[in-house]
Amino acid sequence: MYKSITISAQLLALADRLGFGKICNEENANKRYRHFTARTQLYAMMVAQLPE
C-alpha cells in the first residue's frame with residue numbers, strides 16, 4: 001500500500017513539540033489565549049498561509 005505524507009504534516013513535523021513547548025513556557029505564551037494553546041494557534045496560522 002502506498003503511503004504519502006501531506007505538505008501540512010511535513011511543516012508541522014518541523015516544529016519540534018518539546019522545543020516549542022519549552023519556548024512557550026519561557027515566554028508565557030499560553031496565558032493570553034482562552035480557547036487556543038500556542039501550538040493550536042501556530043497550526044491555524046500555518047494553514048491560513050497555504051495557497052489555495
Side-chain angles (χ1 to χ4, degrees):
M1 181 176 178
Y2 179 74
K3 293 184 180 179
S4 66
I5 195 165
T6 62
I7 295 173
S8 60
Q10 291 175 4
L11 288 172
L12 294 176
L14 291 174
D16 178 35
R17 184 176 292 269
L18 294 176
F20 187 75
K22 182 180 176 184
I23 292 170
C24 289
N25 287 337
E26 290 173 359
E27 299 294 328
N28 291 328
N30 286 329
K31 72 177 184 176
R32 293 192 181 122
Y33 300 112
R34 292 185 183 174
H35 301 290
F36 293 111
T37 63
R39 189 158 179 91
T40 306
Q41 185 71 21
L42 173 68
Y43 289 166
M45 292 185 334
M46 288 173 71
V47 169
Q49 294 299 317
L50 292 174
E52 293 183 20

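This is a predicted model, so every value here is computed, not measured.
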Taking side-chain contact (heavy atoms from CB on, under 4.5 Å) as the definition, give me every residue that meets it alongside [X], ordered by chain and number, with sequence neighbours left out.
| X | value |
| --- | --- |
| Ile5 | Ala9, Gln10 |
| Ala15 | Arg39, Leu42 |
| Ala48 | none |
| Ile23 | Glu27 |

Hey, what do you get for NE2 (His35) to OG1 (Thr37), rounding to the nearest 0.5 Å? 13.0 Å

Hydrophobic clustering (ILVMFWY, side-chain heavy atoms < 4.5 Å, transitive) - are Met45 and Val47 grouped together?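 Per the 4.5 Å side-chain linkage, Val47 and Met45 are not co-clustered.
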
